[in-house]
Amino acid sequence: MALILGIESSCDETAAAVVRDGRDVLSSVIASQIAVHAPLGGVVPELAAREHLKALNPCVEAALRESGVSMRGIDAVAVTQGPGLIPALLVGLNYAKGLALGHGKPLIGANHFMAHIYGAFLDGEDHLLREKATYPLLALVVSGGHTSLVLVDENGDARQLGSTIDDAAGEALDKGAKLLGLGYPGGPAIQKAAAAGKPDAYHFPRPLTGAAGKPVAPELRYSFSFSGIKTALLHHVEKFADKAGALDENCLADTAASYQFAVVDTLVRKTLLAAKDSGARTVVLAGGVACNKLLRAELAARLPKSLRLQIAPPKYCTDNAAMVGGVGYCHYRKKEFSPFDIDSFARLPKFVRVPFADKIS
Ligand code: KG4
Ligand code: ZN
């Protein structure tokens with residue numbers, strides 16, 4: 001049995017968790033900074049770092065307390081090394097180094113992107129990662145920082161089929177909500193406003209899908225682009241807004257619903273295409289935007305029933321440390337420990353393997 005303490009500080013959530021054997025989440029504590037960043041309409045990295053500094057120790061203490069495990073019982077400290085905001089990452093990474101060093105525990109630098117995928121297999125679903133029938137596995141990781149399709153084969157070899165060439169889907173929702181005066185974070189705000197609207201009331205583009213009859217270049221077949229959709233929203237608001245720049249109640253609800261549907265439809269179209277082309281047997285939906293109810297429902301409805309759909313539970317979609325403890329366990333199992341001089345990184349490095357899938361016999 002192995003108990004991993006996971007620590008997360010890549011963006012605006014400070015989190016700590018204790019995870020047993022990459023499966024059982026004994027505790028998962030999250031201190032959100034939304035209230036700090038909301039008045040500014042987005043995450044300010046230096047402010048985030050300052051908040052992490054305040055929240056980290058209480059979070060770790062609460063995670064240990066709730067799990068009933070002391071630092072003595074912890075087998076390794078796993079911490080998000082990147083990708084993310086450097087000032088924010090540095091706080092968690094240095095805290096984890098000090099904690100691990102002070103208690104004589106191994107340190108594991110975890111990849112936040114991989115951790116998001118692992119989040120779909122927590123709470124007892126991790127056995128699927130060791131079953132041949134799960135592969136090829138296609139993961140759509142969709143968050144404030146990422147929109148990527150990753151294909152993993154049964155040996156754990158991974159290939160990024162495509163990602164966004166400009167904004168991430170979460171960014172499009174966050175910026176869209178700001179334009180509509182709906183507040184931060186934008187994804188949940190748009191979802192809420194959309195509930196009273198019609199998704200087909202207005203048309204917003206589905207970039208790089210060929211939906212508008214424009215052929216898609218082969219190298220962009222699995223790529224995303226969300227900056228045009230945002231510009232379309234800007235023009236839409238200019239067209240329909242009153243003198244004060246606001247949309248009336250019905251128009252706002254219809255706009256939110258149509259905009260949300262355009263983002264979701266684009267994500268689903270690309271995922272279906274990649275799943276078909278690659279012969280994937282499992283599709284994983286992960287990352288903060290995977291909380292979106294319409295995205296979850298559309299993917300479930302439109303994906304062929306012969307494929308397994310593995311959607312992370314909402315509590316493991318947005319940033320959390322349980323997913324870090326989970327992916328940390330995969331490294332622990334293989335004794336892949338990090339030296340104490342590792343640095344944080346901002347961007348997703350080129351990868352050819354994932355930590356969670358191994359040679360399956
Ligand atoms: O994974 P995450 O917590 O942080 C990053 O790693 O980026 O994702 C945050 C993103 C934000 O863009 C937020 O607006 C979006 O996830 N999000 C949602 C929903 N909840 C969070 N987007 C759509 N619908 C939601 N219900
Ligand atoms: Zn994230």
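Heavy atoms only: backbone and side chains are in, while hydrogens, waters and symmetry mates are out. Atoms within each ligand, like the ligands themselves, are counted from 1 in listed order.
Here Lys293 has no heavy atoms under 4.0 Å from ligand 1, in either its backbone or its side chain. With a 4.0 Å cut-off on non-hydrogen atoms, Asp174 touches ligand 1 through its side chain and not its backbone. With a 4.0 Å cut-off on non-hydrogen atoms, His112 touches ligand 1 through its side chain and not its backbone. Proximity of Cys317 to ligand 1, defined as any heavy-atom pair under 4.0 Å, is confined to the backbone N, CA, C and O atoms. The proximity of Leu295 to ligand 1, defined as any non-hydrogen pair under 4.0 Å, does not occur for either the backbone or the side chain.
The distance from ligand 1 to the heavy atoms of Gly170 drops below 4.0 Å at these ligand atoms: 12 (O). Those atoms of ligand 1 with a heavy atom of Leu173 less than 4.0 angstrom away are 22 (N), 23 (C). Those atoms of ligand 1 that come under 4.0 Å of a heavy atom in Gly144, given as number and element, are 5 (C), 7 (O), 8 (O), 9 (C), 10 (C), 12 (O). Proximity to Gly145 (heavy-atom distance under 4.0 Å) selects the following atoms of ligand 1: 7 (O). The ligand atoms of ligand 1 that sit less than 4.0 angstrom from a heavy atom of His116 are 1 (O), 6 (O).
In this structure, the ring of Tyr202 has its center no less than 6.0 angstrom from the ring center of Tyr259. His37 has its ring centre no less than 6.0 Å from the ring centre of Tyr184.
Remark: the Ser9 side chain and the His52 side chain contain no N/O donor-acceptor pair separated by less than 3.5 Å. For Thr80 and Glu8, the side-chain atoms include at least one donor-acceptor pair closer than 3.5 Å. His236 and Thr255 are linked by a side-chain donor-acceptor pair at a separation below 3.5 angstrom, with hydrogens and angles left out of the test. For Asn292 and Gln260, the side-chain atoms include at least one donor-acceptor pair closer than 3.5 Å. Ser344 and Gln81 are not linked by any side-chain donor-acceptor pair at a separation below 3.5 angstrom, with hydrogens and angles left out of the test. Side-chain polar atoms of Tyr118 and Asp126 form no donor-acceptor pair below 3.5 angstrom.
At least one heavy atom of Pro188 lies less than 4.0 angstrom from ligand 1. Within the structure, ligand 1 lacks Gln260 among the residues with a heavy atom less than 4.0 angstrom away.
For atom 8 (O) of ligand 1, the closest non-hydrogen atom on the protein side is Gly288 CA, 3.3 Å. Residue, atom and distance of the protein heavy atom nearest to atom 26 (N) of ligand 1 are Gln191 OE1, 3.3 Å. Among protein heavy atoms, the minimum distance from atom 2 (P) of ligand 1 is reached at Asp319 OD1, 3.4 Å.
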Report task. Applying side-chain hydrogen bond (donor to acceptor under 3.5 Å, both in side chains), run through Asn155 and Tyr135 and close with a yes or a no. Result -> CA-CA 9 Å; Asn155 298 318; Tyr135 301 92; over 6 Å; no
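Looking at Asp157 and Arg353, a side-chain N of the basic residue comes within less than 4.0 Å of a carboxylate O on the acidic one, giving a salt bridge.
Between Asn292 and ligand 1, an N or O atom pair is found at a separation short of 3.5 Å. Some N or O of Gly187 is nearer than 3.5 Å to an N or O of ligand 1, by distance alone.
Around CD of Glu125, the count of heavy atoms belonging to other residues, nucleotides or ligands within 6.0 Å exceeds 12. Atom CZ of Arg159 has 12 or fewer heavy atoms from other residues, nucleotides or ligands within 6.0 Å. The number of heavy atoms from other shown groups lying within 6.0 Å of CZ (Arg269) is above 12.
Under 2.8 Å from the Zn ion (ligand 2), one finds the following protein N/O/S atoms: His112 NE2, His116 NE2, Asp319 OD1.
Nearest heavy-atom pair, Asn111 versus Pro349, reported as atom, atom and distance to 0.1 Å: ND2-CD, 4.1 Å.
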